[in-house]
A.B. asks: 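The structure is given below, and queries will be raised subsequently.
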Number of protein chains: 2
Amino acid sequence: MNKIQIENKLSQYGHRPTAARLEVVEALLNFHGHMTADDLYEHMQSTGSSVGRMTVFRTLDLLAEIGVVRPTYQGSGAAHFVLLEDGHHHHLVCMRCAQTVEFAECSFAEDLSQQLAEKHGFKIEGHLLEIYGVCKKCQAG
Amino acid sequence: MNKIQIENKLSQYGHRPTAARLEVVEALLNFHGHMTADDLYEHMQSTGSSVGRMTVFRTLDLLAEIGVVRPTYQGSGAAHFVLLEDGHHHHLVCMRCAQTVEFAECSFAEDLSQQLAEKHGFKIEGHLLEIYGVCKKCQAG
DNA sequence: CCTTGTTTTGATATAAAATATCACCATGGC
DNA sequence: GCCATGGTGATATTTTATATCAAAACAAGG
Ligand SMILES: [Zn+2]
Ligand SMILES: [Zn+2]
Ligand SMILES: [Zn+2]
Ligand SMILES: [Zn+2]
């Protein structure tokens, strides 16, 4: 999902694709991997952006609402946002040290999605699969 | 997963199944669904427990470390803990109002688990599948 | 263009949640 | 019992998130 697509999605949902929001989107796409709102804000600061902290928080919330990102909890107290490429995201998380490894393989069946949508009246737009385990380093320690 | 099994798991991992911890476990099992640490603490208070707030936080962290619960983020600022029955948990979340619906159907393939374990050196112990969508009420509004 | 109503922004203030500290208590091995 | 280790809980502190509000940006209509 690129900047243009996200811009369109914002418009679709009646939110203006303002300069500040697009700066956040740009930073989000450049900043690879998981990040907290403050991580992203500080990264933007370091590249000379003048977008405020509140706008970063609000834009991430907005992007979560329209299904571009999703907040997850990685044990640090702050929400970590992950990009939902093509609507989904998958990662392994170490239960001890919170190290995460992303992977592309998707085992989510489309028919289960439909079945759940009907059963619960939801319009389904994406998913996150988190697998828990213990990483090599923590198995040794 | 019942109280005894969790008690054994604590011991297995070298943590004492103290009275305070078991009270938290008991409350956790009674309190159905998702909850924040403070939700659980307040619930315990209301039932006359004298276990302190810190112990509730610490016990939940401990249980997360051994795979009994998992913190998730549901947009409220506080971590929501879900019980990993038999190692896994699945729910639908509304992207607008954060309403959640749990479901039992599991589409996670065992062979993918093995494949990932080998590839990344993880010892896999469970998973969470979060499906995002818009609930009936929010579709209407 | 201007005017006007609406949305967005960002500084600041506030509230909420998580973590650190530390003295005390409980437990288990010696 | 005595010591070493681990666990507890009150409190203080830090970190995150949210509320507030005046100013700025914008869209629409005249
Ligand atoms: Zn690890
Ligand atoms: Zn997927
Ligand atoms: Zn909803
Ligand atoms: Zn499952």
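Computed from a prediction, not measured in an experiment: that's the story for all the values here. Letters A, B, ... mirror the listed sequences (proteins, then strands); counts begin at 1.
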A.B. asks: Looking only at side-chain atoms of B:Arg21, point me to the closest of C:dA26, C:dG10, D:dT8.
C.D. replies: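 Comparing C:dA26, C:dG10, D:dT8 against the side chain of B:Arg21, the answer is D:dT8.
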A.B. asks: Within this structure, what is the CG-to-P distance between B:Leu40 and C:dA17, rounded to whole angstrom?
C.D. replies: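 After rounding, the reported distance stands at 14 Å.
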A.B. asks: Can you figure out which of C:dT8, C:dA18, D:dA17 approaches the side chain of A:Arg53 most closely?
C.D. replies: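 Taking heavy atoms from C-beta onward, the closest nucleotide is D:dA17.
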A.B. asks: Considering only C:dT8, D:dG7, D:dA10, which nucleotide approaches the side chain of B:His15 most closely?
C.D. replies: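 Of all the options, the side chain of B:His15 is nearest to D:dG7.
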A.B. asks: Contact class for B:Tyr73 vs. all strands (heavy atom < 4.0 Å): base, sugar-phosphate, or nothing?
C.D. replies: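 Sugar-phosphate, no base atom in range.
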A.B. asks: Specify the separation, in whole Å, of atom CD of B:Gln74 and atom C1' of C:dA16.
C.D. replies: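 That distance rounds to 18 Å.
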A.B. asks: Checking all strands, does A:Ser50 fall into the base, sugar-phosphate, or nothing category for heavy-atom contacts under 4.0 angstrom?
C.D. replies: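 Sugar-phosphate, no base atom in range.
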A.B. asks: Would you indicate what B:Ala79 reaches in the nucleic acid, counting non-hydrogen atoms under 4.0 angstrom: base, sugar-phosphate, or nothing?
C.D. replies: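 If one applies the 4.0 Å heavy-atom cut-off, B:Ala79 turns out to touch the sugar-phosphate alone, with no base involved.
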A.B. asks: Nearest-nucleotide wise, let me know which of B:Thr59 and B:Ser76 is further upstream toward the 5' end of DNA chain D.
C.D. replies: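 The answer here is B:Thr59.
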A.B. asks: Are B:Lys119 and A:Glu105 within salt-bridge range, i.e. N to O under 4.0 Å?
C.D. replies: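 Yes, charged N to carboxylate O under 4.0 Å.
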A.B. asks: Would you please indicate if the ring centroids of B:His34 and B:His89 are separated by under 6.0 Å?
C.D. replies: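 Yes, the ring of B:His34 comes within the 6.0 Å limit of the ring of B:His89, centre to centre.
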A.B. asks: Using a cut-off of strictly less than 4.0 Å, decide whether B:Thr55 has a side-chain nitrogen or oxygen near OP1 or OP2 of D:dG9.
C.D. replies: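 Answer yes for this pair, as a side-chain N or O of B:Thr55 is under 4.0 Å from OP1 or OP2.
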A.B. asks: Does the side chain of A:Gln74 pick up a donor-acceptor pair with the side chain of A:Glu130 at under 3.5 Å?
C.D. replies: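 Note: A:Gln74 and A:Glu130 side chains meet the donor-acceptor criterion.
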A.B. asks: Would you indicate which nucleotide in D:dT11, C:dT9, D:dT18 comes nearest to any side-chain atom of B:Met54?
C.D. replies: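 Within the option list, the nearest is D:dT11.
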A.B. asks: Considering every strand and a 4.0 Å limit on heavy-atom distances, what is the contact class for B:Thr36: base, sugar-phosphate, or nothing?
C.D. replies: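 Counting heavy atoms under 4.0 Å across all strands, no contact is made by B:Thr36.
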A.B. asks: At under 4.0 Å between heavy atoms, what does B:Gly14 touch on the DNA or RNA strands: base, sugar-phosphate, or nothing?
C.D. replies: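 It contacts nothing in the nucleic acid.
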A.B. asks: Does the side chain of A:Thr18 get closer than 4.0 angstrom to OP1 or OP2 of C:dT9 through an N or O atom?
C.D. replies: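 Yes, within the criterion.
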A.B. asks: Rounded to whole angstrom units, what separation is found between the CG atom of A:Leu22 and the P atom of D:dA25?
C.D. replies: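 These atoms are roughly 16 Å apart.
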A.B. asks: Return the value, rounded to whole Å, for the distance between atom CD of B:Gln45 and atom C1' of D:dA10.
C.D. replies: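 About 13 Å, once rounded to whole Å.
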A.B. asks: Which nucleotide wins on minimum distance to the side chain of A:Arg16, given the candidates D:dA27, D:dA19, C:dA18?
C.D. replies: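 Minimum distance to the A:Arg16 side chain belongs to D:dA27.
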A.B. asks: Rounded off to whole Å, could you give me the CG-to-P distance for the B:Asp61 and C:dA17 pair?
C.D. replies: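 Going from CG in B:Asp61 over to P in C:dA17 covers 16 Å.
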A.B. asks: Rounded to the nearest angstrom, tell me the gap between atom CG in A:Asp39 and atom C1' in D:dT15.
C.D. replies: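 For the pair A:Asp39 CG and D:dT15 C1', the rounded distance is 13 Å.
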A.B. asks: Under the 3.5 Å rule, do the base of C:dA18 and the side chain of B:Arg58 count as making a donor-acceptor pair?
C.D. replies: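 It does not, because no donor-acceptor pair links the side chain of B:Arg58 to the base of C:dA18 below 3.5 Å.
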A.B. asks: Among A:Leu84, A:Asp61, A:Leu62, A:Leu28, which residue satisfies the side-chain contact (heavy atoms from CB on, under 4.5 Å) criterion with A:Val69?
C.D. replies: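 For A:Val69, the side-chain contact (heavy atoms from CB on, under 4.5 Å) check succeeds only for A:Leu28.
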A.B. asks: Flag the pair A:Arg21 and A:Glu23 as a salt bridge only when some basic side-chain nitrogen lies within less than 4.0 angstrom of an acidic carboxylate oxygen.
C.D. replies: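 So A:Arg21 does not pair with A:Glu23 through a salt bridge.
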A.B. asks: Between A:Glu23 (CD) and C:dT8 (P), how many Å, whole number?
C.D. replies: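 Distance, rounded to whole Å: 17 Å.
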A.B. asks: Could you state the atom-to-atom distance from NE2 of A:His80 to C1' of D:dT16 in whole Å?
C.D. replies: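 Taking atom C1' of D:dT16 as the reference, NE2 of A:His80 is at 12 Å.
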A.B. asks: Do B:Met35 and B:His43 make a side-chain contact, defined as non-hydrogen atoms from C-beta onward lying under 4.5 Å apart?
C.D. replies: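 They are not in side-chain contact.
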